[in-house]
Amino acid sequence: MTEHRTSRQTGLGRVAAALAGASLALVTAVGTASAATGSGNGHPDFAGQARSAGLTGSQAKALQARVGAYRATMGGTQEAINKIRLGDSGVVLLALPGEKRARDLNASGGVQAASYACNYHHFCAYQHSGFTGDIIDSTACADTALNNGWSSGGSWINNQTTGTKARMKNNQFKVIYTTPGAYSSDSNGNWGPVAYIRPC
C-alpha cells in the first residue's frame, strides 16, 4: 500500500511539474509578446512614442523598417522608435519621416531637442550633406559599419579630444581617408566608398 501511494505521489508530482513547466512557458511567451509590442512593463512603448511624435501608422511602419535595416547591418538594441544603441560604441539616430534632421526622443516620445548635437568626445557621421539625415554618433575607438543605404553625399563632425583624427575605411578595412584633427568637420562629403568609420 505504501509503495502504491509513493508511486501515485510520484506520478502526481510529475503531472504537477509538467503543469508548472507549461505555465512558465505560457508566461514566458506572453512576456515575450509584450516586449515585442512595447506594452510589457519596463519595455519602451514604441507605438506610444510614434503617436506622441505625430507619426501615422504607415510612417511608423516605414521608420521601423529603416531601424531594422540598420540593425541588420550594425546590430545594436532599439531604445526608441528612432534610436539604436550600439553597445559602448555609440548610437544611431534616425530622422523621423518627413524631417531633414534627426531628433532625440525621450521615453515618452516627447522631443528633447530640435536637432541632434555632436557632443565633445564624439564623432558624428550624417547621412546627407549639411549635417542632415540619419546620424551615427560614435564614442569608442572601434570600427563602425555604415548602413548600406549611405551610398553618396554625407557630412561629418569630429568633436573628439583636440587633435584626434578619425579614419574612414573601405570594405577591405583599408583606410581611404583620414580627417583633420579635432575639432574638424565637412558639410559635403561622400559616403560612397566608405564601409567603416573608426573615430580614432
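Here T179 pairs with N158 under the side chain to side chain donor-acceptor pair (under 3.5 Å) rule; sequence neighbours left out.
If you take OG on S187 and CZ on F131, they are separated by 5.0 Å, rounding to the nearest 0.5 Å. A distance of 9.0 Å separates CD of E99 from CG of N82, quoted to the nearest 0.5 Å. For the atom pair OH (Y126) and SG (C118), the distance works out to 5.0 Å, reported to the nearest 0.5 Å. Going from atom CD1 of I157 over to atom OG of S184 covers 10.0 Å, rounded to the nearest 0.5 Å. Separating the OG1 atom in T77 from the CZ atom in R85 is a distance of 9.5 Å, to the nearest 0.5 Å. Expressed to the nearest 0.5 Å, how far CD1 of I136 lies from OG of S89 amounts to 11.5 Å.
Here ring pair (Phe, Tyr, Trp, His ring centres under 6.0 Å) pairs that include residues 72-95, with residues two or more places apart or in two chains, number zero. Pairs passing the ring pair (Phe, Tyr, Trp, His ring centres under 6.0 Å) check and including a residue from residues 159-200, sequence neighbours excluded, read W150-W191, F173-Y196.
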Step by step, work out the side-chain contact (heavy atoms from CB on, under 4.5 Å) result for L86 and T144. CA-CA 9 Å; L86 302 175; T144 300; 4.2 Å; yes

I'd like to know whether K83 forms a side-chain contact (heavy atoms from CB on, under 4.5 Å) with V91, so could you lay out the CA-CA distance, the side-chain angles of the two residues, the decisive distance to 0.1 Å, and finally the verdict. CA-CA 7 Å; K83 189 173 186 178; V91 299; 4.0 Å; yes

Starting from the C-alpha separation in whole Å, work towards a yes-or-no answer on side-chain contact (heavy atoms from CB on, under 4.5 Å) for D137 and L93. CA-CA 8 Å; D137 182 342; L93 194 68; over 6 Å; no

Step-by-step side-chain contact (heavy atoms from CB on, under 4.5 Å) determination, R103 to L96: CA-CA 7 Å; R103 301 187 296 171; L96 297 178; 2.9 Å; yes

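Here the side chains of Q127 and I135 are not in contact, with every heavy-atom distance at 4.5 Å or above. In this structure, P180 and K165 have side chains that are not in contact, with every pair of non-hydrogen atoms separated by 4.5 Å or more. Under the 4.5 Å side-chain criterion, counting only non-hydrogen atoms from C-beta, Q64 is in contact with Q78. No side-chain heavy atom of N170 sits less than 4.5 Å from a side-chain heavy atom of V194. Counting heavy atoms from C-beta on, the side chains of I84 and R71 come closer than 4.5 Å.
A donor-acceptor pair under 3.5 Å is absent between the side-chain atoms of T161 and the main chain of T164, judged by distance alone. Put simply, the side chain of Q172 never gets that close to the backbone of K174: no donor and acceptor are under 3.5 Å apart. Side chain of R167 to backbone of I176: no donor-acceptor contact under 3.5 angstrom is found.
Nearest heavy-atom pair, A60 versus A50, reported as atom, atom and distance to 0.1 Å: CB-CB, 3.9 Å. The minimum heavy-atom distance between A145 and M74, with the atom names listed, is O-CE, 3.0 Å. Nearest heavy-atom pair across I81 and L55 is CD1-CD1, 4.0 Å. Residues G130 and S155 come closest through the heavy atom pair N-OG, 3.8 Å. Of all heavy-atom pairs spanning F123 and I197, the tightest one is CE2-CG2, 3.6 Å. Heavy-atom minimum distance, P97 versus Q59: CG-O, 3.7 Å.
A side-chain donor-acceptor contact under 3.5 Å links D134 and Y70. For the 3.5 Å distance criterion, the side chains of H122 and N159 fail to qualify, holding no donor opposite an acceptor.
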